[in-house]
Amino acid sequence: MAREISVLVVDGYIDDPAALGVPPYISPMVRSIASAALDAGADRVEYLTVDMIRNGARIPDASVSVVLSGNTVPGKYLRSMPMSVRELEALVPKLKGWRLVGGSAASSPAASLFDFAIERDLAASLYDGMTGKEVGERLRTLDEWNRWMMLGADIVTSHQDFPQPLIAEVESYRGCHRYSSGGCSYCIEPSKGRPLMRSPDDIIAEASRLRELGVRNLRVGGQTCIVSYGSDPDSPVPRPSPEKVDDLFEGLQSLGFDVLHVDNANAAVISTHPDESERVLETLASRCTDGNVLALGMESADPRVVIENNLNSTADQVMDAVRMINRVGGSRGPRGMPRLLPGINIICGLEGETAATYGMDMEILGRIRDEGLAVRRINIRQVLPVRREFSVRVDQRRFKRFKEVVREDVDRVMLERVAPYGTVLRDVYTELQDGNTTFGRQIGSYPLLIGIPYRVDVGEFRDVYVTDWGYRSVTGVTYPFDINRMPMSALEALPGIGRKRAQRIAAERPFDGPEDLLRVLEDPSVLKRIRDIVVFRRNGRRTII
């Protein structure tokens, strides 16, 4: 009797420009590994996340053990983070059978503990090894890609965030339209060559399978520019194909996901082909869920840095794209957010950078602010030598000061524009309690971090009324706010109330309505500030101010 072939897939979480995989995301890369194992003849695939291991899950015996982990674009995480090198080193002795590691962990010191460390496509290398071929570095074919995104889709049901707030990411294409010129100096996508695009039918089939399994939230990621989907792969600045983009998103919208979001866009494409780009943006604004963010890779506003690093777009092209996205996507959707928002990525430490570069970057952000435009996310980071080394040494004090100025002079203004006072943000998933503050986010790409200044049960969906802003987050109270039943800590969080008024409210309630409440507040202006927040429940009836 033949021995059963079992494969253990450990999801250590990845976070890089090609895929998001830190909860609540599950990356397409880890799903493709499970699928490739099944395609290669595995009888059984077991899936564990690093959080399950942290919580004491048993490591099962397996014929093959595969670990995917690492973040090439380090971020700040709310309730989980990628597996650390120390955790990876501690895990290796517990893994049985033939052992492979992939993701950026493949270039870490712990990689030497594995039989194979794969830097390109772990699924393809696993498939080759399990089918008797030489294990090397290659990319999957289009047929393999489409096949592998279906076979192992079931592992989503084993993720600790399934069904909510899990977000499954699907990929539309790989590679870079500027591959022939080498693309941006810091980016790995040009190394994947000419864009290889999946058809709308194949992407929709994968999404349909995920929906059948119970996935509620979907993100179309992986691509360098969603506006360029379906365009000429050999054009460095391709003319968009609005019809193909609409075909894709019409099909995805029809599947009934709670959240449908995207990721990157190339400002140069939007600026160079405004008519076609506007039609694509209209499709994204109408067919996707509000709060959708198109991350624009400006990287630097310094013309010298743009030239020396062969960057995608100029500062003027970024301004064109930000203006268009605001114009097309500025209206609010049912969740309370603008339908489509731009994000801006800035990378420090690129070739040609000087002290003046920071001033140029700040100048473009100031123009965006002063024109009254909105940007959801300004991501500032130092370049990582993933593709090559860089000769510029970043002045850490200057870098830190630049980030502080952006947070103080730009970020807070953007938060006020994206979510003004009185905005009701629907379906905020509460994720973490820190002291007396509860933190939550809407599900989606780059969601706002929302602080509720009192304790709310985690793992619930709540509506939140925005009352204030920080540099990186907004503050709000749960909505509607039942003033006759909420605890003291919540009463104090109401605008204009504070501890003394909260004590008086608690002592005098229940109230029948606004006039009764005004008797205690003694200030019509305070009542005016909370009139859209507060409800009164008494004897089974509710009154709203």
Side-chain angles (χ1 to χ4, degrees), residues 4-16 19-38 42-71 75-106 108 110-111 113-114 122-123 126 151-169 210 213-217 219 429-433 439 441 443 458-460:
E4 180 186 72
I5 300 174
S6 61
V7 176
L8 170 64
V9 178
V10 177
D11 189 351
Y13 308 146
I14 58 169
D15 189 3
D16 64 41
L20 298 184
V22 180
Y25 289 96
I26 182 169
S27 78
M29 293 184 182
V30 78
R31 291 193 288 113
S32 68
I33 292 166
S35 296
L38 291 170
D43 300 293
R44 177 167 50 90
V45 172
E46 295 192 56
Y47 171 75
L48 288 179
T49 69
V50 63
D51 280 319
M52 295 175 187
I53 295 171
R54 289 165 179 160
N55 290 327
R58 183 185 68 86
I59 309 298
D61 292 344
S63 311
V64 182
S65 296
V66 187
V67 180
L68 179 70
S69 182
N71 52 342
K76 292 186 177 180
Y77 309 108
L78 189 58
R79 57 184 170 86
S80 187
M81 61 187 303
M83 181 184 290
S84 67
V85 173
R86 180 173 296 179
E87 287 178 312
L88 184 59
E89 290 173 343
L91 174 65
V92 174
K94 303 174 185 177
L95 300 177
K96 305 300 182 183
W98 187 47
R99 300 178 300 194
L100 298 87
V101 65
S104 61
S108 75
L113 303 174
F114 287 81
L122 184 53
L126 172 66
L151 286 173
D154 302 60
I155 69 167
V156 296
T157 63
S158 298
H159 194 284
Q160 68 269 5
D161 279 356
F162 178 83
Q164 291 284 25
L166 187 70
I167 311 173
E169 182 166 297
L210 292 169
L213 290 166
V215 171
R216 306 289 296 274
N217 312 299
R219 180 177 187 263
Y429 187 80
T430 55
E431 295 189 69
L432 178 70
Q433 288 177 342
F439 289 100
R441 299 176 291 186
I443 297 175
V458 297
E460 296 183 352

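None of the values given here were measured: they were computed from a predicted structure. Positions are given from 1 along the sequence.
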Please determine whether side-chain contact (heavy atoms from CB on, under 4.5 Å) holds for the pair D161 and R79, giving the CA-CA distance in whole Å, both sets of side-chain angles, and the decisive distance to 0.1 Å.
CA-CA 12 Å; D161 279 356; R79 57 184 170 86; 2.7 Å; yes

I need the minimum non-hydrogen distance between [X] and [Y], along with the two atoms involved.
X: L48; Y: R58; answer: CD1-O, 3.7 Å
X: V215; Y: F162; answer: N-CE1, 3.9 Å
X: S32; Y: M29; answer: OG-O, 2.7 Å
X: P60; Y: E46; answer: CG-OE1, 3.6 Å
X: L126; Y: A37; answer: CD2-CB, 4.0 Å
X: A111; Y: A105; answer: CB-O, 3.7 Å

Inter-residue atom distance [X].[atom1] - [Y].[atom2], 0.5 Å rounding:
X: R31; Y: L210; atom1: CZ; atom2: CG; value: 4.5 Å
X: I53; Y: E87; atom1: CD1; atom2: CD; value: 8.5 Å
X: E460; Y: Q164; atom1: CD; atom2: CD; value: 13.5 Å

- Query: For D15 and Y25, what are the C-alpha separation, side-chain angles and deciding distance, and is it a side-chain contact (heavy atoms from CB on, under 4.5 Å)?
  - Reply: CA-CA 10 Å; D15 189 3; Y25 289 96; over 6 Å; no

Using a 3.5 Å distance criterion without hydrogens, assess whether the side chain of [X] forms a donor-acceptor pair with backbone atoms of [Y].
X: T430; Y: G459; answer: yes
X: S65; Y: K96; answer: yes
X: R99; Y: V92; answer: yes
X: D43; Y: S6; answer: no
X: S63; Y: V7; answer: no

Within a strict 4.5 Å, meaning less than it, do heavy atoms of the [X] and [Y] side chains meet?
X: M83; Y: V10; answer: yes
X: P23; Y: D51; answer: yes
X: P24; Y: R441; answer: yes
X: V9; Y: I155; answer: no

Check the pair T49, R54 against side-chain contact (heavy atoms from CB on, under 4.5 Å), reporting the backbone distance first and the verdict last.
CA-CA 9 Å; T49 69; R54 289 165 179 160; over 6 Å; no

Practice item. Mind running side-chain contact (heavy atoms from CB on, under 4.5 Å) on S108 and L88 for me, showing each step along the way? Key: CA-CA 10 Å; S108 75; L88 184 59; 4.2 Å; yes

From the list V101, L100, I33, side chain to side chain contact (heavy atoms under 4.5 Å, CB included) partner of L68 resolves to I33

Determine whether more than 12 heavy atoms belonging to other residues, nucleotides or ligands lie under 6.0 Å from atom CE of M81. no

Requested in this report: Any chance you could lay out the side-chain hydrogen bond (donor to acceptor under 3.5 Å, both in side chains) test for D154 and Y47, step after step, and finish with the verdict?
Outcome: CA-CA 10 Å; D154 302 60; Y47 171 75; over 6 Å; no

